[in-house]
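As structure tokens, the structure follows; a few thoughts come after it.
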Amino acid sequence: MKNIIIKVVAFMLVLATVLCCAACSPSGEKLAKKYEKYFQERAAIGKQRLVNDLVKHMSASDLRDVDPYGNCAVAMLYMDKTEASAKERKFANQVIQKCTNYISNPPSDRANLPRGEVDFAANRLVRALYAPSGRTYSETLDALKRFFLEDNFESIYFSENHMLMFRTARYLAACYYEGETFKQYNATAEEIRKIDHDYLVEFIQFRARQGWSEFDSMGYSIENFLSMINLYDCAPDEDLRELARMTLDTLLLTMICDSTENGLFGGAHSRSYDALTTDMHCRFFWIYELYFGADEWDEVPEKLLASNAPFAYFSEYRPDATIYEIVNAKRKGNVYPFSNYERTHNGVTKYEHEDVGYINKYTYNTSTYSIGCVNCQDSYPDGHRDKYMEDQQQMNFSMLFAANSKATLTLTHPGGTNSHNYWYGDSECNCNHFFGEENIVTGIFFNTTKNQKYNFIHAYVPKEEFDEVVEQKKNNQLFVRSGDAYAVLKFSSSYNWMGSSEIKIADPTGANDFRIGVVCEAGDKATYGSFEKFIAAVENKDLRFSPGNLILEYDDMTLELEYDGKHVTERNVLNGAEQSYPYANTYDSPFMFSEWDSGVITVTVGKTVRTMDFMNITDTKTKK
């Protein structure tokens with residue numbers, strides 16, 4: 001009888017395995033093994049870079065500004081003796097001890113605002129608690145205990161990344177310090193674990209339902225990725241681990257669905273900074289490079305992910321096989337061109353459940369270029385308490401070229417306040433509005449503040465990075481080529497160069513409330529043949545702009561703005577048909593789809609349909 005039971009159980013296990021594999025893609029599993037080899041090679045380079053970045057400071061007398069968040073030092077605790085020596089690990093412990101004094105002795109560039117970014121440190125330091133046994137010295141553990149149980153490591157900011165980092169770090173600390181009391185929060189570890197567990201579950205599920213307000217941010221997506229890595233590796237609660245795994249896949253998918261075949265992340269981006277203008281090989285791109293790069297299209301970059309999400313090197317997380325299949329399909333070039341539509345809520349985390357409107361992002365991807373914009377963004381309600389999205393701390397339009405990561409085009413109004421920067425600010429005028437469809441993006445810049453100092457808009461056009469630049473200044477337009485991809489920028493006013501990478505466009509009347517129309521049209525060799533034929537085909541197409549009525553017409557597209565003295569309302573028309581906003585879906589591309597507010601994300605590749613249900617926390621695969 002016992003043998004019969006054993007045979008039945010064995011048969012059932014085999015049957016379950018067969019049925020499970022029937023829904024999986026053999027090609028995806030094969031690709032996963034292939035990319036694992038590449039991952040290990042890139043991780044080894046990244047680990048060495050982390051060690052090098054830290055040990056060069058070993059003679060420093062003041063460790064305050066050495067690895068202020070513990071990025072490198074904590075990661076070194078996870079390295080074996082062949083990757084980091086005992087001497088180097090000892091120094092790493094000293095740096096970590098210094099990092100635990102972030103509040104009382106912050107880095108010099110944060111001395112006036114220590115609680116502004118202390119959560120960045122907390123989200124790294126918490127991993128020292130979960131390092132392999134014996135790697136974290138007793139003195140370090142004592143310093144960490146004081147930091148986590150006494151210091152208030154909640155940031156004063158309420159944007160997504162800050163709230164997620166704080167809750168992740170505090171939850172994992174509470175799981176580690178069972179039976180202790182967090183004095184600064186007047187709560188036990190058990191109480192905090194329950195509070196933060198529930199918060200994180202709701203936080204993740206809300207973003208599956210309504211997207212990330214820091215949508216596709218190349219700067220802060222990396223921090224969100226790090227938080228999910230920490231939860232996936234360390235959370236003792238299985239529901240959080242599974243939600244973190246699906247979120248990691250979702251973050252990668254949002255990049256893949258908005259990128260050229262070599263992973264350059266295109267379209268509009270929230271929470272951007274000047275450094276992200278000049279090179280698309282930046283921050284979140286290196287996560288793509290870590291998991292999918294160094295294939296036939298590129299070599300391993302030397303600057304691979306020195307300081308962002310270093311724990312990915314040591315994590316057990318790997319993308320699902322379906323994601324490898326999508327990357328492979330894109331590299332074969334048989335999926336282009338395709339459009340991607342995304343809708344996201346407009347709220348800062350603290351106010352996200354209020355009715356604050358939406359952002360509608362559109363991206364058109366080909367194998368040689370990516371072009372896209374925010375097609376419609378709602379104005380915030382009057383008196384809303386945090387308007388960083390309306391303040392344009394984001395890239396509302398961009399075009400990038402697969403042949404050169406530094407060949408990019410973007411159009412913005414310069415920032416003029418402390419919270420913004422020159423390329424991704426707007427001096428609080430909410431003045432750029434775009435409408436994109438396939439290879440064309442139209443735009444109107446409309447200043448509502450009459451700020452004389454920033455009474456112009458500018459385009460980023462790095463001459464030296466393009467293979468060809470052809471100007472037709474008398475027609476207010478210029479053409480660029482990078483590899484096999486082409487583009488034209490057309491302006492309603494004359495332009496002038498400010499250096500070799502910046503074009504300034506001003507209202508011809510000199511008015512403070514400038515009104516300027518712009519167009520970017522893209523093409524490539526496959527569509528037009530030569531660059532010269534592209535120029536001939538589009539140079540005489542008219543940009544028709546009525547500044548008084550705020551109406552721009554180009555090709556079969558019309559962008560119209562209405563301003564009531566407080567709010568700007570957009571109306572987009574294509575082929576005579578008014579476009580409807582907000583979009584009906586959170587994600588809508590050939591690979592990734594989700595109905596708005598459903599929390600269910602469907603991934604389709606080949607004959608495999610994968611369904612990630614964030615509300616029921618299930619992840620299943622079926623055949624078409």
Side-chain angles (χ1 to χ4, degrees), residues 54 62-79 84 86 88-107 110 114-156 162-197 199-200 223 226-227 229-237 240 310-311 314-315:
L54 190 61
D62 184 357
L63 301 182
R64 182 174 58 162
D65 294 330
V66 174
D67 192 26
Y69 300 144
N71 254 318
C72 302
V74 176
M76 282 177 62
L77 302 182
Y78 286 78
M79 299 184 190
E88 291 165 347
R89 192 175 296 137
K90 179 180 178 180
F91 181 64
N93 272 270
Q94 294 171 344
V95 171
I96 293 169
Q97 292 167 31
K98 194 71 174 180
C99 290
T100 63
N101 295 320
Y102 193 101
I103 292 292
S104 59
N105 192 22
R110 297 291 184 270
R115 278 193 55 213
E117 296 186 357
V118 64
D119 49 347
F120 280 88
N123 207 26
R124 273 77 172 173
L125 293 176
V126 76
R127 287 302 298 264
L129 301 177
Y130 290 86
S133 178
R135 305 281 179 85
T136 309
Y137 294 178
S138 59
E139 307 95 303
T140 307
L141 288 171
D142 290 342
L144 289 165
K145 187 172 184 179
R146 181 204 53 76
F147 173 84
F148 282 111
L149 298 186
E150 296 181 18
D151 286 352
N152 182 2
F153 51 90
E154 181 179 14
S155 175
I156 60 175
H162 283 291
M163 297 301 290
L164 179 56
M165 287 188 293
F166 166 63
R167 295 288 185 160
T168 297
R170 196 173 73 159
Y171 163 78
L172 291 176
C175 293
Y176 182 85
Y177 291 114
E178 291 183 1
E180 299 282 357
T181 297
F182 285 69
K183 298 177 183 177
Q184 70 278 48
Y185 306 120
N186 193 29
T188 66
E190 288 68 30
E191 290 170 334
I192 285 179
R193 174 175 173 174
K194 176 65 168 59
I195 291 169
D196 288 348
H197 165 274
Y199 180 95
L200 288 165
E223 298 301 334
L226 170 58
S227 292
I229 284 284
N230 284 352
L231 291 174
Y232 180 78
D233 287 340
C234 304
D237 294 304
L240 262 184
F311 306 119
F314 312 96
S315 176

- CA sep, side-chain torsions, deciding dist, call: Glu191, Asn186, side-chain contact (heavy atoms from CB on, under 4.5 Å): CA-CA 10 Å; Glu191 290 170 334; Asn186 193 29; over 6 Å; no

- Item | Evaluation steps, side-chain contact (heavy atoms from CB on, under 4.5 Å), between Glu154 and Asp119 | CA-CA 6 Å; Glu154 181 179 14; Asp119 49 347; over 6 Å; no

- Task: In sequence, state the C-alpha distance, the side-chain angles, and the governing distance for Asn105 and Lys98, and then conclude on side-chain contact (heavy atoms from CB on, under 4.5 Å).
- Result: CA-CA 9 Å; Asn105 192 22; Lys98 194 71 174 180; 3.6 Å; yes

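Side chains of Met165 and Arg124 form a contact here, defined as non-hydrogen atoms less than 4.5 Å apart. Residues Val118 and Ile103 meet the side-chain proximity criterion, which asks for heavy atoms closer than 4.5 Å. Here the side chains of His162 and Ile156 are not in contact, with every heavy-atom distance at 4.5 Å or above. With contacts defined as side-chain heavy-atom distances shorter than 4.5 Å, the pair Pro68/Arg110 does not qualify.
Atoms CZ and CD1, from Phe314 and Ile229 in turn, are 11.5 Å apart once rounded to the nearest 0.5 Å. Rounded to the nearest 0.5 angstrom, Gln97 CD and Thr136 OG1 are separated by 10.5 Å. Expressed to the nearest 0.5 Å, how far CE of Met76 lies from CD1 of Ile96 amounts to 9.0 Å. Going from atom CG of Leu200 over to atom CG of Leu164 covers 6.5 Å, rounded to the nearest 0.5 Å. Considering SG of Cys234 and CG of Leu172, their distance stands at 5.5 Å, rounded to 0.5 Å. In this structure, CG on Asn93 lies 9.0 Å from CG on Leu144, to the nearest 0.5 angstrom.
Under the 3.5 Å distance criterion, the side-chain polar atoms of Ser155 are matched with a main-chain donor or acceptor of Gly116. No side-chain donor-acceptor contact under 3.5 Å links Thr100 to the backbone of Phe147. Listed for the Arg89 side chain is a donor-acceptor partner under 3.5 Å among the backbone atoms of Met79. Remark: side-chain polar atoms of Tyr130 are not paired, donor with acceptor, to backbone N or O of Asp233 under 3.5 angstrom.
More than 12 heavy atoms of other residues, nucleotides or ligands sit less than 6.0 Å from atom CG of Asp62.
When every heavy atom of Ala75 is checked against every heavy atom of Pro310, the shortest pair comes out as CB-CB, 4.0 Å. Heavy atoms only, all atoms of each residue included: Leu54 and Ala73 are closest at CD2-CA, 3.7 Å. The two atoms that bring Asp67 and Cys99 nearest to each other are O-SG, 3.3 Å, heavy atoms only. Taking both residues in full, the closest heavy atoms of Pro106 and Arg64 are given as O-CD, 2.7 Å, listed atom of the first, atom of the second, then distance. Heavy-atom minimum distance, Gly179 versus Glu190: N-OE2, 2.9 Å. The shortest heavy-atom contact between Tyr102 and Pro114 is CE2-O, 3.1 Å.
Looking only at atom types and distance, the side chain of Thr168 has no donor-acceptor partner in the side chain of Asn123 under 3.5 Å away. For the residue pair Tyr171 / Asp237, a side-chain donor-acceptor distance below 3.5 Å is found, with atom types taken as modelled.
The list of salt bridge (charged side-chain N to carboxylate O under 4.0 Å, His left out) pairs with a residue in residues 68-78, not counting sequence neighbours, is empty. Applying the salt bridge (charged side-chain N to carboxylate O under 4.0 Å, His left out) definition to pairs two or more places apart or across chains, those involving residues 163-172 are Arg167-Asp196, Arg170-Asp196.
Taking Asp142 as the reference, nothing meets the salt bridge (charged side-chain N to carboxylate O under 4.0 Å, His left out) condition, with sequence neighbours excluded. By the salt bridge (charged side-chain N to carboxylate O under 4.0 Å, His left out) test, Arg115 pairs with no residue at all, sequence neighbours left out. Take Gln94 and apply the side-chain hydrogen bond (donor to acceptor under 3.5 Å, both in side chains) test, not counting sequence neighbours, and it matches no residue. In terms of the ring-ring contact (aromatic ring centres under 6.0 Å, His included) criterion, Tyr177 has no residue partners (sequence neighbours excluded). Under the rule for a side-chain hydrogen bond (donor to acceptor under 3.5 Å, both in side chains), Tyr232 has no partner lying at least two apart in sequence or in another chain. For the ring-ring contact (aromatic ring centres under 6.0 Å, His included) test, no residue two or more places apart in sequence or in another chain qualifies with Phe182. Remark: Gln184 pairs with no residue by the side-chain hydrogen bond (donor to acceptor under 3.5 Å, both in side chains) rule, at least two apart or across chains. For the ring-ring contact (aromatic ring centres under 6.0 Å, His included) test, residues two or more places apart in sequence or in another chain that qualify with Phe148 are Phe153. Legend: residues meeting salt bridge (charged side-chain N to carboxylate O under 4.0 Å, His left out) with Glu139, ordered by chain and number and at least two apart, are absent. Shown here are the side-chain hydrogen bond (donor to acceptor under 3.5 Å, both in side chains) partners of Glu150, two or more places apart in sequence or in another chain: there are none.
We find that Glu88 and Arg135 are not joined by a salt bridge, their nearest charged nitrogen and carboxylate oxygen being 4.0 Å or further apart.
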